[in-house]
Each structure stands twice: as structure tokens, then as C-alpha cells.
4 protein chains.
Amino acid sequence: MTDNKKPDHSRRKERSRRAILEATRALVAEEGYDGISIEAIASRAGVGKQTIYRRWPSKDAVVFAAILALGENRDGDDIALPDTGDLRADLRLVLRATVEEFTDPAFDRLMRAVNTAVSDNETLAARYREEFARPLDEAKRARLLSAREAGELSPDADLDLMLETLYAPLFQRWLHRSGPLTAEYADALVDTALRAFGP
Amino acid sequence: MTDNKKPDHSRRKERSRRAILEATRALVAEEGYDGISIEAIASRAGVGKQTIYRRWPSKDAVVFAAILALGENRDGDDIALPDTGDLRADLRLVLRATVEEFTDPAFDRLMRAVNTAVSDNETLAARYREEFARPLDEAKRARLLSAREAGELSPDADLDLMLETLYAPLFQRWLHRSGPLTAEYADALVDTALRAFGP
Amino acid sequence: MTDNKKPDHSRRKERSRRAILEATRALVAEEGYDGISIEAIASRAGVGKQTIYRRWPSKDAVVFAAILALGENRDGDDIALPDTGDLRADLRLVLRATVEEFTDPAFDRLMRAVNTAVSDNETLAARYREEFARPLDEAKRARLLSAREAGELSPDADLDLMLETLYAPLFQRWLHRSGPLTAEYADALVDTALRAFGP
Amino acid sequence: MTDNKKPDHSRRKERSRRAILEATRALVAEEGYDGISIEAIASRAGVGKQTIYRRWPSKDAVVFAAILALGENRDGDDIALPDTGDLRADLRLVLRATVEEFTDPAFDRLMRAVNTAVSDNETLAARYREEFARPLDEAKRARLLSAREAGELSPDADLDLMLETLYAPLFQRWLHRSGPLTAEYADALVDTALRAFGP
DNA sequence: GAGTAAACGAGACGGTACGTCTGGTCTTGGT
DNA sequence: ACCAAGACCAGACGTACCGTCTCGTTTACTC
């Protein structure tokens with residue numbers, strides 16, 4: 001009965017999709033959020049504007065998708081935090097790595113663009129939390145849980161609050177450029193969190 | 001000994017300046033950052049566009065100035081934190097008040113607009129820190145210093161880090177809408193900070 | 001043998017072209033040259049400004065094109081002068097008609113606009129002569145030639161000079177409003193020219 | 001009671017008046033009608049804009065006044081035409097001189113500016129005729145009258161029409177750049193007029 | 001292979017806002 | 001009292017992009 005009449009254009013689709021996202025990423029990394037426009041993305045990707053509008057409803061959504069796509073090859077193991085049994089050492093490693101990421105100019109501009117896109121758009125903000133932040137948070141939370149069970153943290157430690165205590169200062173310093181982002185700073189954040197939530 | 005030959009048009013200047021900033025504030029509070037334009041501001045303020053461009057180089061700068069002007073009547077006493085001798089109680093009061101501010105829709109939109117304006121503009125970011133954030137931070141720091149001297153905090157407590165531990169999680173939750181902003185949350189942040197930096 | 005790859009938007013093009021020229025003509029006829037602006041034309045034609053700028057480089061060029069387009073349906077026969085064998089009668093007919101044209105307020109404003117547009121722009125002036133004035137002049141010249149061959153004019157009459165003698169006083173009176181434009185005046189011009197260039 | 005409190009500002013008035021008109025003339029001669037603006041005139045004359053608007057209602061009026069002022073030193077004798085008793089010779093002299101005037105680039109631009117200013121403004125057109133054209137026309141008319149009385153012209157010659165026959169073709173050629181302005185052309189115009197209006 | 005339909009690149013379109021420029025008015029301080 | 005200087009409101013200028021739309025042109029699949 002139902003014979004499939006629709007050809008599958010997935011290959012072209014996929015090619016143009018990638019071109020668009022890559023062009024967007026490149027433009028954001030080069031020029032920052034304000035320097036980009038749908039026309040610039042289309043032109044750079046060698047694509048018609050309609051091909052962009054067919055998939056995404058706004059510039060913010062494209063920028064957002066472009067950054068999200070960065071993480072789409074990740075699988076669960078990639079984002080699992082190290083667990084050597086020594087929480088302090090593991091957290092220092094991870095926060096130092098985070099500090100380094102934020103220090104990279106290309107990553108800086110990408111994240112600022114995401115931040116701008118998300119800041120005034122509740123829908124994108126929700127997707128950001130669900131699709132971008134949550135997987136990372138789950139991984140971090142898992143490490144803290146393991147530590148709590150190992151007695152490295154107080155039994156009634158609020159792990160979500162502890163995560164915020166660890167990461168929010170870092171995020172704020174980066175966003176407002178209100179202080180240096182260094183390995184020492186990362187270590188200090190770990191120490192602070194452990195003092196507050198340790199046994 | 002050549003005299004200053006330029007007439008002083010300060011009265012007109014001041015009148016139009018106020019009208020522009022007020023119109024900007026009203027528009028941001030009503031429509032959010034994306035809803036505003038120089039033309040809308042000029043029209044609402046009953047002012048020519050050139051009168052805006054004569055003073056500020058960009059939309060961001062106007063928005064920023066409009067918010068900055070909010071705090072320009074403040075003097076030192078207005079922003080001093082309460083000091084009852086009980087640090088925990090004082091901090092709870094202050095953080096609960098902050099939570100409430102962020103919960104007000106008009107304030108929310110103003111702050112998001114500032115955040116957007118500042119986020120991609122290093123110059124504005126610097127002015128934001130100097131002219132907006134710093135006076136508040138100084139006041140908060142003064143209260144912590146008094147507490148440290150009173151023995152309510154560890155003698156070697158890093159007060160700047162403590163401030164970040166107190167406020168950054170709140171700011172991040174607000175910006176990313178990643179959790180509820182409640183009085184309980186404010187209290188939890190105070191408790192966390194005191195556990196980490198207490199004696 | 002590469003094909004033409006450009007899409008043909010000729011239907012939309014033509015619709016908007018007509019709308020622009022018609023709106024321009026209407027505005028000039030109603031308000032005169034000074035009352036028009038590209039924005040007014042665009043708004044009246046229901047067209048984006050860029051659609052005008054895509055085709056014409058300046059306001060003068062649009063006005064000029066709008067008037068030129070008036071004559072674009074004319075073919076050779078439409079502008080041929082009557083030839084009854086009686087030159088004086090034929091010329092009186094034609095000059096009286098010209099006088100009447102110049103007396104029509106709408107035509108008056110259109111012609112004054114063309115005159116203004118052409119007056120300070122050598123390129124437009126050249127196009128005016130070639131595309132607007134020349135075809136008419138050829139037709140008039142043809143009638144005079146036929147008359148000269150019929151012995152109604154002196155065999156060595158300079159026909160271009162005779163045309164100027166006929167029309168220039170009319171044009172000048174109209175442009176400078178330096179005297180009444182009446183049928184009698186038209187007749188007097190014909191008589192003058194025939195006295196000067198007759199056999 | 002009535003002590004005279006008014007200083008005599010007529011000297012300053014006169015100085016700025018001259019400066020404005022001279023600056024206008026220079027600007028028109030250099031840049032043509034489109035190149036001028038009230039601001040440019042004010043700046044060039046070292047005068048405030050208001051000083052211009054106090055005296056003239058529009059740009060056209062200033063331009064017009066600037067050209068009119070050129071002729072204000074003229075007295076009756078300056079513009080009287082030569083009267084040697086040989087009309088043809090006298091007219092050739094005068095028309096050749098006129099041709100030469102129109103050939104001068106500075107004069108060309110000034111006259112085109114006047115023409116543009118006058119063309120869309122009925123009030124200025126009237127003043128142009130009264131204050132600029134009429135005195136010259138009277139002088140020309142006087143010469144023709146003398147000729148008619150001397151029997152060099154037909155007794156019933158319409159002198160105004162004859163003036164138009166002499167000058168309008170020249171004016172039109174110049175305005176539309178529709179042919180060369182040469183001494184031969186001037187002579188041909190004289191011959192044409194004499195054939196039409198001679199005895 | 002030939003036929004087909006969806007997706008495509010290109011880019012014109014009606015619009016909005018930009019940042020600049022000029023016009024005409026108003027204000028202030030200097031001469 | 002009058003002026004130069006220039007800020008002001010107003011609004012047109014020409015440009016850049018927006019999001020929509022219409023064109024021919026691939027392309028991937030069907031028969």
C-alpha cells in the first residue's frame with residue numbers, strides 16, 4: 001500500500017547543514033557575535049539563505065546549533081570525570097582544564113556568542129540547559145556522588161549547590177572579566193568547595 | 001590669555017540627556033534588549049537621532065549609560081551593608097534582598113540588557129566593573145572585613161573569593177535560569193560561604 | 001555554450017518598475033520637484049527603497065525616467081506632424097497644441113521637474129536631448145523639409161534655426177512665466193518664423 | 001524721554017551681508033547649485049546660520065540675491081545698448097557679447113543656479129523678471145524702438161516678440177546644451193530677426 | 001536511461017533600522 | 001542690540017540585513 005515515494009536527499013541535506021554550522025562557527029570565532037549575519041553565513045557556506053531559514057527560525061538558533069554541534073560527537077565516556085579516589089586532585093585537574101578552555105580566544109568568542117543568544121531567549125536557554133549543560137553537570141555530579149559515598153564529602157552535602165560553588169565563580173569571572181583565570185584560582189575554588197562540603 | 005569661547009548649552013543638554021536615558025530605560029523594561037532601537041528611543045524621548053549619536057557611539061553605550069544613571073544618585077551610605085554584629089543574619093538579609101531584585105521583571109530585563117551590552121564589548125565591560133560593580137563590591141567587602149576582624153571569619157579568609165562564592169551562584173542561576181531564586185537558596189549560599197570561610 | 005544561469009524575475013521587476021515610475025509621476029504632478037523624496041516614492045509605490053536604488057543612481061534619474069516613460073509607447077506615427085500642404089495652418093495647429101500642453105498644471109510640473117533634473121546634470125541633459133527631444137525634433141524637421149521642397153520656405157532656409165525660432169520663445173515664456181501663453185501668441189510665432197524663413 | 005538707545009549696527013549688517021552674498025557666489029561658481037548648502041555658505045562667510053535666515057527665507061532666495069547683487073552697481077548707462085545707427089551691427093555686437101558671457105564657466109554656473117532657483121518658485125520668478133530681466137529688456141527695447149523710428153524695422157513690428165526671437169533661441173541652446181554657442185550663431189539670430197521684423 | 005519532485009544557489013523583493021547629513025529654530029555668551 | 005557658534009528637533013539620505021518569495025538547476029530516487 002504505502003510505497004515510499006519520497007527520495008532521500010539526506011546526503012545533500014547533511015552536506016549543507018555541516019557547511020552552515022561550520023561557517024557560523026568560523027564567523028563567530030573570527031568576528032564575534034555582532035560580526036555575523038545570516039547573509040554572511042549563507043555566503044560563506046556557499047548556500048542560499050532559504051536553506052538556513054528552512055532549518056532554523058533565527059540567527060540565535062543557528063549560532064546555538066553551531067555550538068551545540070561541536071559536542072555532538074561526544075559520547076558518555078568522553079565527558080566522564082576522572083575518578084582516582086582522590087576528589088581534590090580530580091577536581092583540580094578538571095577545573096584547571098576548564099580554566100584553560102575559557103582562556104582560548106576562539107572558545108571564548110563561541111561561548112560569549114552562546115551566552116548572548118541564550119540570554120534573552122527563554123526557549124534557547126532551556127535547550128542550552130538540557131542539551132549542553134546538563135550532560136556535563138550529570139558527569140560532574142556523578143563524580144561528587146561517588147566521593148560522597150566514599151566519605152570524602154559530608155553525607156548531607158547538597159551536590160548541586162557544591163557544583164555551583166565550584167563553577168559559578170569561574171563562569172562569572174570569565175563573563176565579566178573581573179579577575180584572572182589561572183590554575184591557582186582553580187585550585188582555590190576546589191579548596192573552598194571542599195571546606196564547605198567536606199566531611 | 002585667551003578665554004573660553006564656547007557657549008554653555010548645559011541646560012538644554014541636561015534636559016535631553018535625561019529624556020534619552022529615561023526613554024531607554026522604559027523601553028528596555030518594557031520590551032527587552034531586542035525590542036529597542038535608536039529610532040525608538042529618539043522618538044520616545046522627543047529628540048533627534050543626532051542628539052543621541054552626538055553623545056554615545058552605539059546603542060549598547062546608550063543602554064549602558066541608561067542603567068548606570070540609575071545608580072548615580074547613590075552615595076556611600078546608601079549602599080553600605082547592615083552591620084548588626086551577626087554576619088550570618090546580615091548576609092541573609094542582603095542576599096534575600098538581592099534575590100528579590102532579580103525576581104522583579106523590570107529589573108530582570110534591565111540587567112539582562114546590561115549583560116548583553118557588556119558581554120561583547122570589552123570597553124563597556126571595564127566601565128561596568130569600575131562604575132557599577134566596584135562600589136557595591138567595596139561595600140560588601142567592607143562588611144566582610146569587619147566580620148573578619150570581629151573573628152567571625154577565618155583570619156586568612158580571602159574576602160574576594162568569599163564574595164564570589166556568595167554571589168556568583170546566584171548570578172549564574174539568574175542568567176541561565178538554571179534553578180529557582182528563593183530566600184532558602186539565599187540562606188543556603190550564606191551557610192556555604194560561612195562554612196568555607198568561617199573560623 | 002554555457003546557459004544563462006540567472007533566474008528571470010521579470011514579472012515582479014516590471015510590476016515594481018511601473019509602480020515606481022507612476023508614483024514618481026503622481027508625486028511630481030501633485031507636489032512639484034521639491035516635494036518629492038525617494039522615501040515618499042518608495043512608500044507611495046509600495047516598494048522598498050533598495051528596489052529604487054537598484055535601478056537608478058539618483059532622485060533626478062528616477063524623475064527623468066518617470067517622464068521619459070510617458071513617451072515610451074509613442075511610435076513614429078504618433079508624433080508625426082500633420083501635413084495638409086498648408087505649412088502655416090499646420091504649424092499653427094501644432095504650436096497651439098503645444099501651448100495648451102504647457103498650460104496644463106500637471107504637465108507644467110512634470111516638465112519643470114525634468115528641467116530641474118536635467119539642468120545641473122550633463123549626463124541626464126544628453127539623454128534628454130537624445131531620447132526625449134530628438135524624436136520630436138526629427139518629426140518637426142521632417143514637416144519643414146517637406147515644406148521647403150514644396151517651395152513654401154526659402155530654398156536655403158536653415159531648418160534647425162527655424163525650429164528654434166518657432167519653439168524657443170514659447171519655451172522661454174513658459175519657463176520664466178514672462179508672458180501669457182495663448183493661441184494668439186502661437187500664431188504670432190508661426191507668422192514670425194514664416195516671415196524670416198519664407199521664400 | 002526718548003533717548004536714542006540704538007547703536008548703529010548698519011555697518012556690521014552690511015559687512016555680513018556682503019560676506020554672505022560673496023560666499024554664495026563663490027560656492028555656486030565653484031561647485032554648482034547642488035554643491036551648496038546654507039551651512040557651507042555660513043561657514044565660508046564666517047557667519048552664523050541664523051544671520052542668513054534672518055534675512056532670506058530659503059536657500060533659493062540667497063542664491064537669487066547673490067546673483068542679483070552682481071548687477072546692483074549697474075546704473076542706467078552701463079546697460080544701454082550701443083546705437084551707431086546700424087541696427088544689424090549693433091545687435092551683432094550685443095549678441096556676440098551675450099554668447100561669450102554664457103560661455104564663461106563661472107557665469108554658466110551662476111546662471112544655471114538662478115535658473116534652478118527660479119524654476120520652481122513663482123515668487124522668485126517674478127522678482128527675477130522685475131529686478132533682473134526687465135532693466136536689460138528695457139534697454140534692448142529702447143534700441144529697437146530707436147531703430148523702428150529710424151525706419152530700420154517695420155512700423156508695426158512687435159518689439160517684445162522680436163526680442164524673444166533674438167534671445168530665446170540663444171537661451172534655450174545654452175540651457176539644454178543643444179548646440180554650439182558661437183559668434184556665427186549670434187549673427188544668424190540677428191539676421192533671422194531682421195528678416196522677420198525688418199521693413 | 002528518462003522522468004519526477006524535493007531541495008537547492010541565487011538573489012530580487014517589501015521592509016526596518018542604521019549612522020550621516022542638512023534644514024530651519026533656538027539658546028547662550030561674547031563684542 | 002546683534003552676532004558666531006553650535007546644539008537642537010526633524011526627517012531624508014544611501015546602506016546593510018531581515019525574512020519571504022520566486023526563479024532555474026541539481027540530485028537521488030523511481031520506473
Side-chain angles (χ1 to χ4, degrees), chain A residues 3-13 15-16 19 36-43 45-55 57-59, chain B residues 3-13 15-16 19 36-43 45-55 57-59, chain C residues 3-13 15-16 19 36-43 45-55 57-59, chain D residues 5-13 15-16 36-40 42-43 45-54 56-59:
Chain A
D3 43 8
N4 180 7
K5 293 219 163 191
K6 300 202 172 179
D8 174 11
H9 298 268
S10 49
R11 267 181 292 226
R12 294 179 83 192
K13 264 174 138 149
R15 212 181 315 136
S16 64
I36 65 176
S37 66
I38 294 281
E39 304 219 318
I41 294 170
S43 152
V47 135
K49 285 198 287 176
Q50 201 55 49
T51 303
I52 299 178
Y53 283 112
R54 214 174 284 126
R55 286 195 223 292
S58 70
K59 185 172 79 169
Chain B
D3 300 323
N4 178 10
K5 296 223 168 191
K6 300 206 171 178
D8 174 13
H9 299 264
S10 48
R11 268 182 292 227
R12 298 178 81 192
K13 262 176 141 146
R15 210 181 319 136
S16 64
I36 65 176
S37 65
I38 295 281
E39 304 219 318
I41 294 170
S43 153
V47 137
K49 284 198 288 177
Q50 202 56 50
T51 303
I52 299 178
Y53 284 112
R54 213 174 286 125
R55 286 194 222 292
S58 69
K59 187 170 76 168
Chain C
D3 300 324
N4 179 9
K5 298 224 168 189
K6 297 207 172 176
D8 175 12
H9 298 267
S10 48
R11 268 179 296 224
R12 301 176 77 193
K13 260 176 141 145
R15 209 181 318 136
S16 63
I36 65 175
S37 65
I38 294 280
E39 303 221 318
I41 294 170
S43 152
V47 138
K49 284 199 285 176
Q50 201 55 49
T51 303
I52 299 178
Y53 284 113
R54 216 175 282 126
R55 286 193 221 293
S58 69
K59 188 171 75 168
Chain D
K5 292 216 165 193
K6 298 201 173 179
D8 175 12
H9 296 273
S10 50
R11 267 180 298 226
R12 297 178 79 189
K13 264 174 138 148
R15 211 181 317 135
S16 63
I36 65 176
S37 66
I38 294 282
E39 307 223 313
S43 151
V47 136
K49 285 199 288 176
Q50 197 54 43
T51 304
I52 299 178
Y53 282 112
R54 235 189 310 270
W56 296 280
S58 70
K59 185 172 77 169

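All values reported here derive from a predicted model rather than from experimental measurement. In what follows, chains carry the letters A, B, and so on, assigned in the order in which the sequence lines appear, proteins first and then strands, with residues in each chain numbered from 1.
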Extract from the structure each pairing of a protein N or O with an N or O of nucleotides 15-19 of chain F at less than 3.5 Å, listing the distance.
| from | atom 1 | to | atom 2 | distance (Å) |
| --- | --- | --- | --- | --- |
| F:dC18 | OP1 | A:I38 | N | 3.0 |
| F:dC18 | OP2 | A:I38 | N | 3.1 |
| F:dC18 | OP2 | A:E39 | N | 3.1 |
| F:dG19 | OP2 | A:Y53 | OH | 2.5 |
| F:dG19 | O5' | A:Y53 | OH | 3.4 |
| F:dG19 | N7 | A:K49 | NZ | 3.2 |
| F:dG19 | O6 | A:K49 | NZ | 2.7 |

Item checked: Contacts of type salt bridge (Lys or Arg N to Asp or Glu O under 4.0 Å), residue A:K59, not counting sequence neighbours -> none
Margin query: Under 4.0 Å, heavy atoms only, any strand: does C:R15 hit a base, just the sugar-phosphate, or nothing?
Written below: nothing
Next item on the list: Give a yes/no answer on whether the side chain of A:T51 brings an N or O atom under 4.0 Å of OP1 or OP2 in E:dG9.
Entry: yes
Notebook entry, point to check: How close do A:A19 and A:A45 get, heavy atom to heavy atom, and via which atoms?
Noted result: O-CB, 3.6 Å
Margin query: Looking at every heavy atom in both A:G48 and A:A42, which two are closest together, and how far apart are they?
Written below: C-CB, 4.3 Å
Next item on the list: List for me each residue that meets side chain to side chain contact (heavy atoms under 4.5 Å, CB included) alongside C:T51, sequence neighbours excluded, and say none if there are none.
Entry: C:S16, C:I20, C:V47, C:R54, C:R55
Next item on the list: Starting at CD1 of A:I38, measure out to CD1 of A:I52 and round the result to the nearest 0.5 Å.
Entry: 5.0 Å
Checklist line | Interatomic distance, D:I52 CD1 vs F:dC2 P [rounded to whole Å] | finding: 18 Å
Next item on the list: Using atom CZ of C:R55 as one end and atom P of E:dA12 as the other, report the distance to the nearest whole Å.
Entry: 9 Å
Checklist line | Gap between atoms CD1 and C1', on B:I41 and E:dC18 respectively (whole Å) | finding: 13 Å
